[in-house]
Amino acid sequence: MAELLKVQNKLLSMKCCLCKNVLSVPPIMVLSEDGTELKCGRCKNNNEKPSVCRNIALENMAMFFSFPCIYKNCNEMIPWKEVGSHEDACDNKTIKCPMYYQKCERNVQVPKLEEHCKRYHKGNIYYETLNCSFSPNEDLISILISSNQQFIIYITMGSKLSEIYVASLKKINECFTYDLKLSSTCNNTFVAYENQPISKYDEVDHCLRCMRSNCDLRGYPHTKVKDDVPVNKFLKKVDLTAVKLIFGDISKIRYRITIVPKKEYKDNNKESSSEIATVENHKKEVNIVDDESLETNKLKQCPRCMKYVLDIIFIVNDEKICVECGIELTSQILA
Ligand SMILES: [Zn+2]
Ligand SMILES: [Zn+2]
Ligand SMILES: [Zn+2]
Ligand SMILES: [Zn+2]
Ligand SMILES: [Zn+2]
């Protein structure tokens, strides 16, 4: 028994050389030729140092033990196989405040993010719908509370391109999609991107600084590998040149983001009736025909040019048409 305790203590004393946490999440990879530098599964996307091989021997031994959760105030001891999933869902999970780009360096317990934002970032918290105006060359990071869940929304606004992503703080992202609507005070046209996918928030993979190639946070994967920033794959790219053709004056654009729960999620959460009402209203407004259309990234046919396109825009009279046709039509109206 005493011997086993020694083995466990030895395992607990070995740390990941990147995140400095206990090596309790597989795969455990060897990073140095002499075998002294190891990285844990939490850092599997961090390619700062190439891996030499996987340490199966260590994993085979570790699977007989339980490990503590890395988050403060959580006293659970978790079996080897469940450490990763536990930490992902742990109520004590702490993240860097997503507003740290605004010089907030605080660490926040995930369930308390709304509270934190109310206190420190009042202008960045929205309820049910995010509604903001265009401010060029700015990154906007907001928290949107919808269906009693917290979502993190990033909007970057360049001169030609605007990039958006919505991430969920819980592993419920497959239950929701979001609708993005661009509107303008210039005319009655909307540019709408419906049923966009929501990803699960990962503070490393979603690092905006990495995207901007000026990240110096230790343990973040893209300090060195600049071309392959994972956040890129979550981004919805909006071509502002096209949007400009539709609205004329780009400075008058407004962004509107709404979270759309999928039907199954609503059925399982029937107790919250007010929330369903909002969803129904919203459904009417965007005229979602059936649940099939909730599938993300499904190609849609433009009724005007008959082409199959990913993005549709729709004009006030409810006719949904593609971006190309939208530009053509509005340029006729504007001319
Ligand atoms: Zn690690
Ligand atoms: Zn925990
Ligand atoms: Zn903060
Ligand atoms: Zn980064
Ligand atoms: Zn078309």
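Counting starts at 1 for both ligands and their atoms, in listed order. Here the structure is a predicted model, which means the values were calculated and not measured.
At a threshold of 4.5 Å between side-chain heavy atoms, the hydrophobic network of Ile, Leu, Val, Met, Phe, Trp and Tyr places L144 and M157 in one connected group. Clustering ILVMFWY residues whenever any of their side-chain heavy atoms sit less than 4.5 angstrom apart, transitively, puts V110 in a cluster other than the one holding Y71. A continuous path of ILVMFWY side-chain contacts below 4.5 Å connects I125 to Y201, so both sit in one hydrophobic cluster.
Nearest N, O or S atom of H86 to the Zn ion (ligand 2): atom NE2.
Seen from the Zn ion (ligand 2), atom SG of C74 and atom SG of C69 lie 110° apart in angle, a value rounded to 10°. With the Zn ion (ligand 3) as the vertex, NE2 (H116) and SG (C104) define an angle of 120°, rounded to 10°.
Within the 2.8 Å limit, C17 places no N, O or S atom next to the Zn ion (ligand 1). Not a single N/O/S atom of C117, whether from backbone or side chain, sits less than 2.8 Å from the Zn ion (ligand 3).
Between F151 and F176, the ring planes are perpendicular. Angles over 60° get that label, and only those under 30° would be called parallel.
I143 contributes atom CD1, which lies 4.0 Å from atom CE of M99 (distance to the nearest 0.5 angstrom).
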